[in-house]
Amino acid sequence: MHFRLIELGFEYRTPFSPARCALSGISLEIREGEMLAVVGSSGSGKTTLIQHLNGLLEPSSGSIAFSPGGVEPGDLFRKVGLAFQFPENQLFEKSVFEDVAFGPRNLDLGEEDVEGRVRRALSRVGLPPETWRRPPFQLSEGEKRRAAIAGILAMEPEVLVLDEPTAGLDRDGSERIESILRDFHGSGGTVVFVSHDMDLVGRLSRRVVLLSSGRLLFDGTREDFFGNAALLQQSGLQMPSPMRFLKSLKEKGLPVNELVFSVEDAKRELTRVFRCEAGAVH
């Protein structure tokens, strides 16, 4: 599924207060199969932007087009799954299985199809069968997050949109969520996620969109984004920690390539440099 936002603007309006502009003149394309991160400071418009992607919000100005054509705004929830920040707060059924089944049952599917979707979704997020009949509140925080995402995956969307998908989770929980997103993307799905975690953005994204005060400030590769020190300073964001570490070594004279985004890549880069220097000595 392909999105095209054209001069999109949005204002929050209430009866007794002036309109507040949340987005202004946003033009960008999101292509099928992308892994896209949306970043920016609090209040920059990130959450407002992603809520347009499944029709939850309608533009106040400009437009958003979807292709292939023929998708009605009211049907977007079938193709675009949206997970709010802390989606586990929306778990409400008596069991995990029933909660994940809620969405598919509202598609008027047969019970056999519903159960198949639920089992596949729960398996994809790594929740073992012994948890499926438990009340959601008996799960750990990480398991609750995965159960909530399973409810979205059971709708079999083409696009997964998430707001701070690892917020509040420990390292194990965060790694499991990251694995789910990689799996969904690897199977051909499109992933758009908002995050303040620049380590996660560096590891997962290939393209970064930066918002500031409701406007598009940057749209490009993660290499160009994290390689632009002035832009990061302007937006109040940091380089991923592996990149900061290698940058500090480079400033001390070690000839490393600082544009790396994972601990594994940092280890490989250090091994490469030390081998080159050892060879030069001999």
Side-chain angles (χ1 to χ4, degrees), residues 1-3 10 30 32-33 47-59 64-167 176-177 179-181 183-185 187-194:
M1 192 171 186
H2 187 109
F3 301 85
F10 184 79
I30 303 173
E32 184 175 349
T47 298
T48 302
L49 175 65
I50 63 171
Q51 288 179 1
H52 283 79
L53 300 183
N54 78 333
L56 193 63
L57 295 178
E58 295 184 2
I64 178 168
F66 309 90
S67 61
V71 180
E72 295 295 328
D75 291 330
L76 277 174
F77 75 95
R78 300 172 185 261
K79 294 182 176 292
V80 183
L82 173 62
F84 292 102
Q85 190 172 357
F86 305 113
E88 60 272 18
N89 293 337
Q90 298 168 358
L91 298 172
F92 66 95
E93 283 283 7
K94 60 184 178 181
S95 73
V96 172
F97 194 96
E98 290 300 307
D99 207 288
V100 176
F102 180 82
R105 285 200 176 113
N106 280 277
L107 298 178
D108 296 323
L109 300 173
E111 193 58 26
E112 185 175 344
D113 288 339
V114 170
E115 290 199 6
R117 285 188 178 215
V118 174
R119 291 177 182 277
R120 287 193 297 274
L122 287 168
S123 296
R124 286 184 77 177
V125 301
L127 286 176
E130 58 267 24
T131 66
W132 297 358
R133 298 301 174 183
R134 291 183 193 168
F137 68 84
Q138 291 185 356
L139 302 180
S140 70
E141 292 306 307
E143 288 172 333
K144 289 177 185 177
R145 183 77 52 90
R146 285 186 279 154
I149 292 176
I152 297 170
L153 294 179
M155 299 291 286
E156 298 188 351
E158 297 176 16
V159 183
L160 198 53
V161 181
L162 309 100
D163 194 353
E164 299 287 356
T166 60
R176 288 179 180 272
I177 296 300
S179 178
I180 292 167
L181 301 189
D183 174 72
F184 183 84
H185 181 249
S187 66
T190 303
V191 178
V192 180
F193 69 99
V194 167

Output, in order, the C-alpha distance, side-chain angles, deciding distance and verdict of side-chain contact (heavy atoms from CB on, under 4.5 Å) for E158 and T190.
CA-CA 7 Å; E158 297 176 16; T190 303; over 6 Å; no
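- P104 approaches R117 most closely through the heavy-atom pair CB-CD, 4.2 Å.
- Contact annotation: the side chain of P157 never approaches that of V80 to less than 4.5 Å [non-hydrogen atoms, C-beta and beyond].
- With sequence neighbours excluded, the residues forming a side-chain contact (heavy atoms from CB on, under 4.5 Å) with L162 are A83, I149, L160, P165, L181, V191, F193, listed by chain and number.
- At least one side-chain heavy atom of F3 sits less than 4.5 Å from a side-chain heavy atom of V159.
- Rounding to the nearest 0.5 Å places CG of L53 at 15.0 Å from NZ of K79.
- Atom CZ of residue F66 and atom NE2 of residue H2 lie 11.5 Å apart, to the nearest 0.5 angstrom.
- If you take CZ on F84 and OG1 on T47, they are separated by 9.0 Å, rounding to the nearest 0.5 Å.
- Pairs passing the salt bridge (charged side-chain N to carboxylate O under 4.0 Å, His left out) check and including a residue from residues 136-148, sequence neighbours excluded, read E88-R145, E141-K144.
- With contacts defined as side-chain heavy-atom distances shorter than 4.5 Å, the pair S95/R134 does not qualify.
- Although no hydrogens or angles enter the test, the distance criterion places no donor-acceptor pair under 3.5 Å between the side chain of D99 and the main chain of L91.
- Considering CD of Q51 and CG of L56, their distance stands at 5.0 Å, rounded to 0.5 Å.
- Listed by chain and residue number, R124 satisfy the salt bridge (Lys or Arg N to Asp or Glu O under 4.0 Å) test with D183 (two or more places apart in sequence, or in another chain).
- For R133, the side-chain contact (heavy atoms from CB on, under 4.5 Å) partners are F97, E98, not counting sequence neighbours.
- Heavy atoms only, all atoms of each residue included: I64 and P59 are closest at CG2-CG, 4.1 Å.
- Smallest separation of non-hydrogen atoms from V96 and A147: CG1-CB, 4.1 Å.
- Applying the side-chain contact (heavy atoms from CB on, under 4.5 Å) test to T48 and every residue at least two apart in sequence or in another chain returns F10, Y12, A22, L23, H52, L57.
- Here the CG-CG distance, from D113 to L107, works out to 10.5 Å after rounding to the nearest 0.5 Å.
- Residues that satisfy the side-chain contact (heavy atoms from CB on, under 4.5 Å) test with P128, not counting sequence neighbours, are E130, T131.
- The nearest pair of heavy atoms linking A150 to A121 is O-CB, 3.4 Å.
- Considering CH2 of W132 and OG of S123, their distance stands at 4.0 Å, rounded to 0.5 Å.
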Take R78 and E156, measure what salt bridge (charged side-chain N to carboxylate O under 4.0 Å, His left out) needs, and give me the verdict at the end.
CA-CA 8 Å; R78 300 172 185 261; E156 298 188 351; over 6 Å; no
